[in-house]
Amino acid sequence: PMANYIGWMAEQLDGKSPEFEAELTHQIRQAMAERFLQGLDAFPGALELLTRLHLPFCVATNGPREKVEMTLGLAGLRHLFGNRIFSAYEVGCFKPDPGLFIHAAEVLGVEPCRCAVVEDSLPGIKAGLAAGMKVFALHPRETTSPELAAHIYFIDSLSEFDRLLHM
């Protein structure tokens, strides 16, 4: 969670105000929102994949709900998810802990071993594997340890993932 990083920064500084952590969090979130409003596009292939998908799907994110709601809305994808957005802030489990993914699978009514996770971060990859799910990584193979790489499927795009699902 961002609070961990901001807490660490606060520990490094002398003479900070009691409101330092809350103010910095607000400033960072506001700057991100302003940047997103300048232009945010859906990940290439996302709309096509999600509109063709006839299996339960969701977003399970370490980000706060407000952020994911905004980014999905700006990318034109929000309407595809309904109430299937799961935030670690609400669930209480942050990746790499598998709890967020396990919670999402339970709500969707799918056994974790029958779930596929598409991830672009190492904490997410580790969470998916720990949850017993098949992990498809949009993360560079060269920055992934060989031990971890042996257990995940590397994909170059969501279009590739879409083709794999519909073979």
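From a predicted model like this one, the values you see are computed outputs, not experimental measurements. Below, all heavy atoms of this structure are taken into account, side chains as well, without hydrogens, waters or symmetry copies.
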Check: S145 main-chain N/O paired with R141 side-chain donor or acceptor under 3.5 Å: no

Side chains of F81 and F57 in contact at under 4.5 Å (non-hydrogen atoms): yes

Side-chain heavy-atom pair L47, L80 within 4.5 angstrom cut-off: yes

N62 side chain to K95 backbone, donor-acceptor under 3.5 Å: yes

I85 side chain near C58 side chain, heavy-atom distance below 4.5 Å: no

Taking every non-hydrogen atom, the tightest pair across A88 and C93: CB-O, 3.0 Å

Shared hydrophobic cluster for L74 and M32 (ILVMFWY, side-chain gaps under 4.5 Å): yes

Geometric cation-pi criterion R65 and Y89, 6.0 Å radius, 45° cone: no

Worked check of side-chain contact (heavy atoms from CB on, under 4.5 Å) between L165 and L49: CA-CA 9 Å; L165 284 178; L49 168 66; 4.0 Å; yes

Test item: L50 and L158 side chains (from C-beta on) under 4.5 Å apart, heavy atoms: no

Within-4.5 Å side-chain heavy-atom neighbours: E119 and I152: no

4.5 Å side-chain heavy-atom contact, F20 and S17: yes

Any donor-acceptor N/O pair, T61 side chain to S87 backbone, under 3.5 Å: no

Exercise: identify the closest heavy-atom pair between A149 and T144: N-CG2, 3.9 Å

Polar side-chain atom of K134 near backbone of A116 as donor-acceptor pair, under 3.5 Å: no

side-chain contact (heavy atoms from CB on, under 4.5 Å) evaluation trace for F136 with L164: CA-CA 11 Å; F136 294 83; L164 291 170; 4.1 Å; yes

Criterion side-chain contact (heavy atoms from CB on, under 4.5 Å) on F43 and L138, from CA distance to verdict: CA-CA 11 Å; F43 205 88; L138 288 163; 3.9 Å; yes

Crowding at CZ, F154 (>12 non-hydrogen neighbours, <6.0 Å): yes

Any donor-acceptor pair under 3.5 Å from T143 side chain to H139 backbone: no

Smallest separation among heavy atoms of A131 and P112, with atom names: O-CB, 3.3 Å

Short side-chain to backbone donor-acceptor contact, E90 and F86, under 3.5 Å: no

E111 atom CD, neighbour heavy-atom count above 12 within 6.0 Å: no

Side chain to side chain, L129 and L148, heavy atoms closer than 4.5 Å: yes

Contact check, side chains of F94 and L100, non-hydrogen atoms, under 4.5 Å: no

Minimum heavy-atom distance V117-G128, with the two atoms named: CG2-CA, 4.3 Å

Expected output: side-chain K126 to main-chain P123 donor-acceptor under 3.5 Å: no

N4 atom CG, neighbour heavy-atom count above 12 within 6.0 Å: yes

Taking every non-hydrogen atom, the tightest pair across V91 and G99: CG1-O, 4.4 Å

